[in-house]
Amino acid sequence: MIRRSTLRSQIASALRDEILAGRLATGRPFTVKEIAEQYGVSATPVREALVDLAAQGLLDIEQHRGFRVREYTLQDYREMCDARRLVVDSLFRDDGPGPRSGADAGSDAGDGAGSEAGDGAGSDAGGAAGAGSSGGARTGPLSAVDPAALASVRRRADAAQRAARAGDLDVLIAYDLRFWRELSGLLGNSHICDFLDRLRVQCWVYAVPQLRARPRLCGRLWAGHGALLDAVEAGDGAAAREIIASYDAHALAQVEEAAGEVRGRPDEGPEGP
């Protein structure tokens with residue numbers, strides 16, 4: 001028999017995926033009864049799951065009416081990117097939080113349903129920076145990262161890169177979120193990991209509809225996961241920060257450009273070749 005707490009988590013994960021995929025569109029209102037009937041379950045675990053998602057910033061609670069998928073603005077996205085950058089940058093500094101063992105990180109970074117695969121784009125930006133790693137002995141907060149624990153992160157990186165290059169947004173979101181969750185789980189503490197994961201999901205909630213409106217995504221989405229992991233494995237915090245800075249710049253530029261195109265339609269024609 002499925003425990004209620006497990007059912008609550010399963011429903012929350014499924015609904016989060018629906019939001020990230022755009023099937024539950026931003027601004028869309030719905031009730032507990034509607035979701036309970038959709039999944040064939042009682043109202044109690046649904047209500048608990050919806051309250052959890054509201055606490056994560058994905059839903060707004062409308063008194064006596066139900067819930068609504070939160071509508072983020074471009075300014076919200078910019079501010080979330082700023083917050084994310086400040087926290088991530090601290091992870092790769094010599095005086096940043098210490099790394100965790102693979103077992104500890106794995107408890108936070110499992111394969112749960114996720115959907116921010118680099119909520120922005122670019123190409124394989126940052127590869128040059130990763131290649132510039134010193135290759136010497138590890139120092140600073142990256143020095144004690146368990147090499148075996150990085151194998152799982154490498155699989156996420158490879159899958160995310162393939163999806164990014166193919167322009168497959170749905171697959172990219174899932175693997176990108178897992179990549180960043182596992183990587184931050186290795187480098188920081190559980191509170192930082194949870195905070196970053198929440199920020200990345202929120203960024204994707206805004207970015208996904210903007211990017212989906214573009215006629216072509218192949219070659220546009222950020223695919224520097226492998227270069228970043230190379231820098232981490234080399235213990236090169238400076239190179240990692242440089243790659244992440246490039247990632248943030250590409251993500252913001254891509255979403256700003258896409259948002260401008262969406263606002264400009266239908267007067268403006270389709271994107272040129």
Side-chain angles (χ1 to χ4, degrees), residues 12-28 49 52-60 67-85 87-88 109-122 125 156-157 159-185 192-214 217-218 220-225 228 244 247-259 261-262:
S13 294
L15 288 173
R16 187 175 81 157
D17 286 348
E18 292 288 302
I19 293 170
L20 285 165
R23 291 185 289 270
L24 274 179
T26 56
R28 181 191 185 285
D52 289 344
L53 292 175
Q56 295 170 24
L58 301 185
L59 302 177
D60 290 322
F67 296 80
R68 182 183 296 270
V69 180
R70 179 166 296 181
E71 295 185 79
Y72 287 106
T73 66
L74 180 56
Q75 183 57 33
D76 289 328
Y77 181 80
R78 290 172 178 143
E79 292 175 0
M80 289 187 291
C81 285
D82 285 342
R84 185 181 67 189
R85 184 182 65 252
V87 177
V88 171
D111 288 349
S115 319
E116 182 184 63
D119 47 295
R156 310 303 182 203
Q161 287 184 156
R162 287 193 298 271
R165 290 166 182 155
D168 191 333
L169 192 58
D170 288 330
V171 175
L172 174 61
I173 291 170
Y175 280 107
D176 180 85
L177 277 176
R178 293 174 184 179
F179 168 80
W180 288 101
R181 189 183 305 127
E182 291 190 14
L183 183 61
S184 61
I192 292 175
C193 182
D194 290 344
F195 176 71
L196 285 174
D197 188 52
R198 186 171 303 183
L199 271 180
R200 291 190 177 282
V201 171
Q202 291 172 356
C203 285
W204 271 114
V205 170
Y206 175 79
V208 165
Q210 311 298 333
L211 295 174
R212 286 196 191 283
R214 309 202 72 166
L217 290 176
C218 185
R220 289 180 177 271
L221 301 170
W222 187 77
H225 306 75
L228 176 57
I244 291 170
Y247 158 73
D248 286 332
H250 277 290
L252 186 57
Q254 188 80 343
V255 169
E256 287 180 332
E257 181 182 349
E261 290 174 359
V262 171

Nearest-0.5 Å distance that lies between atom [atom1] in [X] and atom [atom2] in [Y]:
{"X": "Glu18", "Y": "Arg28", "atom1": "CD", "atom2": "CZ", "result": "9.5 Å"}
{"X": "Gln161", "Y": "Phe179", "atom1": "CD", "atom2": "CZ", "result": "8.0 Å"}
{"X": "Leu199", "Y": "Trp180", "atom1": "CG", "atom2": "CH2", "result": "12.5 Å"}
{"X": "Gln202", "Y": "Leu20", "atom1": "CD", "atom2": "CG", "result": "10.5 Å"}
{"X": "Glu71", "Y": "Asp76", "atom1": "CD", "atom2": "CG", "result": "11.0 Å"}
{"X": "His250", "Y": "Leu221", "atom1": "NE2", "atom2": "CG", "result": "12.0 Å"}

Would you say the side chain of [Y] lies within less than 4.5 Å of the side chain of [X], judging by non-hydrogen atoms?
{"X": "Leu59", "Y": "Leu15", "result": "no"}
{"X": "Arg84", "Y": "Asp248", "result": "yes"}
{"X": "Arg156", "Y": "His225", "result": "no"}
{"X": "Arg212", "Y": "Asp170", "result": "yes"}
{"X": "Thr26", "Y": "Arg70", "result": "no"}
{"X": "Val201", "Y": "Arg16", "result": "yes"}
{"X": "Ile173", "Y": "Leu169", "result": "yes"}
{"X": "Met80", "Y": "Tyr72", "result": "yes"}

If every non-hydrogen atom of [X] is compared with every non-hydrogen atom of [Y], which pair is closest and at what distance?
{"X": "Ala160", "Y": "Leu172", "value": "O-CD1, 3.3 Å"}
{"X": "Leu196", "Y": "Ser184", "value": "CD1-CB, 4.0 Å"}
{"X": "Ala223", "Y": "Ala164", "value": "CB-CB, 3.8 Å"}

Exercise. Between Tyr77 and Tyr206, how do the two ring planes meet: parallel, tilted or perpendicular, split at 30° and 60°?
Worked result: tilted
Exercise. Taking it one step at a time, do Val88 and Arg200 satisfy side-chain contact (heavy atoms from CB on, under 4.5 Å)?
Worked result: CA-CA 11 Å; Val88 171; Arg200 291 190 177 282; 4.0 Å; yes
Quick one: does any side-chain atom of [X] pair with a main-chain N or O of [Y] as donor and acceptor, under 3.5 Å?
{"X": "Asp82", "Y": "Glu79", "value": "no"}
{"X": "Glu256", "Y": "Leu74", "value": "no"}
{"X": "Arg68", "Y": "Gly27", "value": "yes"}

Problem set entry | Arg198 to Phe195, cation-pi by 6.0 Å centre distance and 45° axis angle | no
Exercise. With sequence neighbours excluded, what pairs up with Ala166 under the side-chain contact (heavy atoms from CB on, under 4.5 Å) test?
Worked result: none
